[in-house]
Visitor: 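Input: one structure, supplied below.
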Amino acid sequence: MSYNPSDIESKWQTIWSETGAFEPLDDKSLDKKYILSMFPFPSGRLHMGHVRNYSIGDAMARYYRKQGYNVLHPIGWDAFGMPAENAAIKHGRHPKEWTYSNIDYMRKELSALGLSFSKRREFATCDELYTKWEQEFIIKMFEEKLLYRESTTVNWCEECHTVLANEQVEDGCCWRCSNEVELKEMPGYYLDIRKYADELLDDLKLLEGRWPSQVLAMQSNWIGKSQGLEFSFSFSNDSKEKLENKFNGFDVFTTRPDTVYGVTYTALAPEHPIVKELIKNSLLDADIAEKIIAMGNMTEVERAKADKEGYDLGLTVIHPLTQEEIPVWTANFVLVSYGGGAVMSVPTHDERDFEFATKYNLPMKYVISGGEEGSAYTGDGELINSDRLNGMKNSEAKEAVIKLFEERGLGEGTTNYKLRNWGISRQRYWGSPIPFVHCDSCGLVAEKVENLPIALPEDVEITGEGNPLENHPTWSNCACPQCGADAKRETDTLDTFVQSSWYQFRYATDPKKWNSCGIDKEDVDYWLGVDQYIGGIEHAILHLLYARFFTKALRDLGFIDNLKEPFENLLTQGMVLMDGAKMSKSKGNTVDPDALIEKYGADTARLFTLFAAPPQKELEWNDSAVEGAFRFLKKLYSRKSKVVGNTLPIINQSSLTKDEKIARVKVYEALKRSIDVYEKTFAFNTLIAGCMEALNALDKQKNEEIWREGLYIITHLLEPITPHICAELSQELFESKNLTGGKIEILDEVFVQDTITLGVAVNGKRRAEIEVEAEASKDEIIARAKESIPKWLEGKNVVKEILVPKKMVNLVVK
RNA sequence: GCGGAUGUGGUGAAAUUGGUAUACACGCUAGACUUAGGAUCUAGUGCUUCACGGCGUGGAGGUUCGAGUCCUCUCAUCCGCACCA
């Protein structure tokens, strides 16, 4: 019988499904492994990226299951989000119907890959039962002041008709549709992730060596911690009067307190309240006011590209140390969202300040030695023109100046972060409703927990215009949970990243408890952290930062115990490429997983995916290499005829021929390598290569016992990668004993050789090869080595002889 | 600019602690079997040279008996952040 993948694969998929083969056990005394691939968005069809992601995770899960671990390997659906609404707009399908029918289709696709997921723990994040508990967390966060509502400038995507978080703006454009993001003032809900900035940063240390260094670096940069001095500039009396005494001054933040004596002007962001006040009261020329407003309205991209621009505001402040009067400008390079939206400017020691001061002819004063006239000097040196601090090294002056300000009560050392709070409001329908109510008399009120979930209305019109929940005639009408009066429900829904921030805890919670709680502490305590998380690098900041934050927040809110980090080990898989470019529908360079499985079977698809490149690297698609993977499986399958008995034989090593010994060595080398591969390096490509080598070596000999042992071990090793064919061969040949009996012992005797082949090098260059008895002495080996290369020794003296045991001889000659 | 990575045959890629560079696979060449071959099997395949040999892991140095691997400098490519005061 030749290899027929479709018969074999459907047979085993049925068996696995009927026996519930992959459900984790309730017994918490067992050693556990939690293997998690990032859950998919139900877009409609699987793509090759999914195949890769789940093949990697499945290999790990199956490996640990076979090693006797209690394995949690769940799957679910990240099911809320814009595409469901786009389908409604374009094809008139209800988002809910679209989503659940996509899930049904994709579930079949996953099952055709033979993935060993727990079925009982599957859920979609749009299930009302999931929404219910998520809303409870949100309410708790509100009560604990971790969530608040505020009106502020937000990133708005007109295409998606919604607000975006900072993390969702890429190059000034929407992460989903690439439309340019506009700034807009509007109310929204925020999670105070900044409260956890330090912990999120510090705990990255726990992940060193466990997460890719790139991801750690990206998160660290994103949090962007910097230490410095915060102090305020007071307005001169004239300026105070001009502002009708509404402002005494403003705060600035600097990481260069050592240059404070070099401040020659200050600059405010165009959106700064003081600038707004000046414009409101017509204290600036109309045309200048207009230009300042235009500066503030520029998109982030425009502003980043724009030349430095600014205007003298006609105000002055007093330098806190020198009492000098200094002009106040507004400048487009000052960001309102960072450091109070105001800076002290030291053109002599800051590139930006220098560029600006040069353009507008502002004064400059060098306060650190070492620079050249006519440029900004940002290096180290000694302080000059700095009063009592002259002569001090600037590195020391940083601390000294902070101390000086603190002693005089003028300012203090502080820490600043680039990280901004997470805006979670979305003005869309297909999301989890934010469970709050607006009451005329009580204000913003959280819904009562017993009323959860606040579910979406089914009868909704989705046109792409405006917020469908807001447009719904009756949905938002409700009673105030506090006073009972008529009130309005919040129509914003939660960012979909909220759902993916806690799904790892939901999977860990026994499904029998899903009705009674969102997260079960004990279950989470047993299963978490996730031993191996697998997904794309595109989530390096967004999802992985949010999920880390949620873990810490849920712990502090008492929903989970003592867990620091959700994902202990992270593997970021490379992209799947075709002709050097990322596969995408728009480029038309995709490979359809269904067609691939149809033609070659799931085992070939999985084998190719893991063989063509290590999982961390990009994977270049290659049709003939897929054929090659298929060819190998056909060959493997056909060799079953070589096996007669059905047990792992006990082989007398000393009676074997050379080829038989080589075959054994190759088989056991692969077995040895597998531990490192499955537990540490994930270089499945090298394990597969090892199995191919072993099979090639087996083909060069005829001993039935060697064949039996070889296939017993090879099918054992490959089962996590190509489970169907291995299950089939194992059942047929070995009554499945090699897949259920735990570890196979590595026999050291196999590696003992009677003769050893050694390379012979002269001055480090390989010149010959010799074969010596295993127990040959060093002198014997050296003598043999010399005999093998007479022409290289002619007329030379051997000055040094180096023997590297079992590897080579190096003779140094002169 | 800051941060992170990666450079090995025609291609995807291997190579514990420094120890015979290019395993495995694809492709290619030749042959066998075949009505046929886009099936299967066998052999060959880093570059160069008639040959002995020489040269080969982006480049240049260095350490070493010996370097893809360690050190210094440098070039190229990719990714992330980016006027963060």
Side-chain angles (χ1 to χ4, degrees), chain A residues 170-171 212-222 224-226 228-229 252-256 259 266-267 300 303-308 331-335 337-346 349-353 355-356 378 416-420 537-538 540-541 575 577 608 611-614 616-629 631-632 634-635 638 666 669 672-673 676 681 683 685-696 757-769 791 798-813:
Chain A
E170 296 171 350
D171 278 334
S213 54
Q214 188 188 185
V215 175
L216 296 176
M218 283 166 74
Q219 292 223 350
S220 172
N221 289 341
W222 190 262
K225 181 176 182 170
S226 54
L229 169 68
V252 296
F253 173 75
T254 179
T255 54
R256 294 296 306 272
T259 64
T266 64
E300 274 190 49
R303 208 158 142 175
K305 281 186 202 146
D307 286 337
K308 300 246 176 322
N332 62 346
F333 66 88
V334 182
L335 306 175
S337 54
Y338 186 82
V343 296
M344 67 173 215
S345 296
V346 185
H349 302 291
D350 182 284
E351 302 281 0
R352 295 155 305 185
D353 295 345
E355 196 186 325
F356 191 81
T378 53
N416 238 315
Y417 302 90
K418 289 187 203 173
L419 181 68
R420 285 184 254 166
I537 185 85
E538 67 272 20
I541 292 179
M575 285 190 298
L577 307 180
F608 167 76
F611 180 56
Q616 300 87 341
K617 274 190 92 168
E618 290 179 334
L619 171 66
E620 179 68 41
W621 194 262
N622 180 334
D623 285 328
S624 14
V626 176
E627 289 274 359
R631 207 174 299 149
F632 171 72
K634 273 194 287 191
K635 183 169 150 186
S638 73
K666 291 287 180 191
E669 269 176 358
K672 225 178 191 175
R673 177 181 282 177
D676 244 23
T681 67
N685 52 330
T686 64
L687 175 61
I688 295 165
C691 290
M692 287 173 169
E693 276 186 73
L695 194 63
N696 290 343
T757 307
L758 295 169
V760 180
V762 179
N763 292 339
K765 289 229 180 287
R766 184 175 179 276
R767 298 300 179 190
E769 197 174 89
K791 103 182 181 198
V798 177
V799 295
K800 200 165 181 182
E801 296 156 348
I802 294 140
L803 171 64
V804 184
K806 294 180 184 175
K807 299 272 184 186
M808 63 178 298
V809 175
N810 188 19
L811 300 173
V812 184
V813 304

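By convention in this document, chain letters (A, B, ...) are assigned in the order of the sequence lines, proteins followed by strands, and residues within each chain are numbered from 1. Atom set for the values below is all heavy atoms of this structure, side chains included, hydrogens, waters and symmetry mates excluded.
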Visitor: Whole Å only: how far is the NZ atom of A:K800 from the P atom of B:G19?
Guide: 17 Å
Visitor: Using a heavy-atom cut-off of 4.0 Å across all strands, would you classify A:V334 as base, sugar-phosphate, or nothing?
Guide: base
Visitor: What contact category does A:A306 fall into here, base, sugar-phosphate, or nothing, at under 4.0 angstrom with non-hydrogen atoms?
Guide: base
Visitor: Please determine whether a side-chain nitrogen or oxygen atom of A:K634 lies at a distance below 4.0 Å from atom OP1 or OP2 of B:U40.
Guide: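 Result: yes.
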Visitor: Pick from A:N810, A:V812, A:V813: which one makes a side chain to side chain contact (heavy atoms under 4.5 Å, CB included) with A:K800?
Guide: A:V812
Visitor: I want to check something: taking the side chain as every heavy atom from C-beta on, are A:L695 and A:K635 in contact at a cut-off of under 4.5 Å?
Guide: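 When only atoms from C-beta onward are counted, A:K635 and A:L695 do touch, with a gap below 4.5 Å.
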Visitor: Which part of the nucleic acid, if any, lies within reach of A:V804 when heavy atoms closer than 4.0 Å are counted: base, sugar-phosphate only, or nothing?
Guide: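 Base: the residue A:V804, judged by heavy atoms under 4.0 Å, touches a nucleobase.
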Visitor: Could you check whether A:K308 makes a cation-pi contact with A:F356, meaning its NZ or CZ is under 6.0 Å from the centre of the six-membered ring and within 45° of the ring axis?
Guide: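 No cation-pi geometry.
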Visitor: Can you tell me, in whole Å, how much space there is between the P of B:U69 and that of B:C78?
Guide: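 It works out to 24 Å between them.
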Visitor: Counting only side-chain heavy atoms from C-beta out, which of B:G3, B:C55, B:G19 sits nearest to A:K765?
Guide: B:C55
Visitor: Taking syn as within 90° of 0 and anti otherwise, name the glycosidic form of B:G4.
Guide: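 Classified anti.
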Visitor: With a non-hydrogen cut-off below 4.0 angstrom, is A:N416 in contact with a base, only sugar-phosphate, or nothing?
Guide: nothing
Visitor: Is A:K791 close enough to B:G53 that one of its side-chain N or O atoms is under 4.0 Å from OP1 or OP2 there?
Guide: yes
Visitor: Base, sugar-phosphate alone, or nothing: which one does A:G628 contact when heavy atoms must sit under 4.0 Å apart?
Guide: sugar-phosphate
Visitor: Is the phosphate of B:C83 approached by A:R303 (side-chain N or O, under 4.0 Å from OP1 or OP2)?
Guide: no
Visitor: Of the listed nucleotides (B:G3, B:G27, B:C24), which one gets closest to any side-chain atom of A:S624?
Guide: B:G27
Visitor: Please determine if a side-chain N or O atom of A:R631 lies less than 4.0 Å away from the OP1 or OP2 oxygen of B:C41.
Guide: no
Visitor: With a cut-off of less than 4.0 Å, is there a side-chain N or O of A:S345 near OP1 or OP2 of B:A85?
Guide: no
Visitor: Rounded to whole Å, please give me the gap between CG in A:N810 and C1' in B:G18.
Guide: 13 Å
Visitor: Map A:M808 and A:V343 onto RNA chain B by nearest heavy atom, then report which one ends up closer to the 5' terminus.
Guide: A:M808
Visitor: Going 5' to 3' along nucleotides 8-15 of chain B, which nucleotides have protein heavy atoms under 4.0 Å from the base (write B), which only from the sugar-phosphate (write S), and which from neither (write -)?
Guide: ----SSS-
Visitor: Can you name the nearest heavy-atom pair linking A:E618 to A:A613, along with the distance?
Guide: O-CB, 3.7 Å
Visitor: Taking the P atom in each of B:A39 and B:U29, what is the distance between them to the nearest angstrom?
Guide: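 That atom pair is separated by 13 Å.
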Visitor: Could you give the distance separating B:C2 and B:U20 at their C1' atoms, to the nearest angstrom?
Guide: 44 Å
Visitor: What nucleotide among B:A23, B:A21, B:G19 has an atom nearest to a side-chain atom of A:I802?
Guide: B:G19
Visitor: Are the side chains of A:V346 and A:R256 in touch, meaning some heavy atoms are under 4.5 Å apart?
Guide: no
Visitor: Pairs counted only when both distances fall under 3.5 Å, Watson-Crick or G-U: show me the 5' to 3' dot-bracket for RNA chain B, [ ] for pseudoknotted crossings and | for other-strand partners.
Guide: (((((((..(((......[....)))((((((.......))))))(((....)))..(((((..]....))))))))))))....
Visitor: What is the separation between atom CG on A:L335 and atom P on B:A85, rounded to the nearest whole Å?
Guide: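 Taking atom P of B:A85 as the reference, CG of A:L335 is at 10 Å.
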Visitor: Applying ring pair (Phe, Tyr, Trp, His ring centres under 6.0 Å), can you list everything that pairs with A:W222, at least two apart in sequence or on another chain?
Guide: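 Checked A:W222 against ring pair (Phe, Tyr, Trp, His ring centres under 6.0 Å); zero matches.
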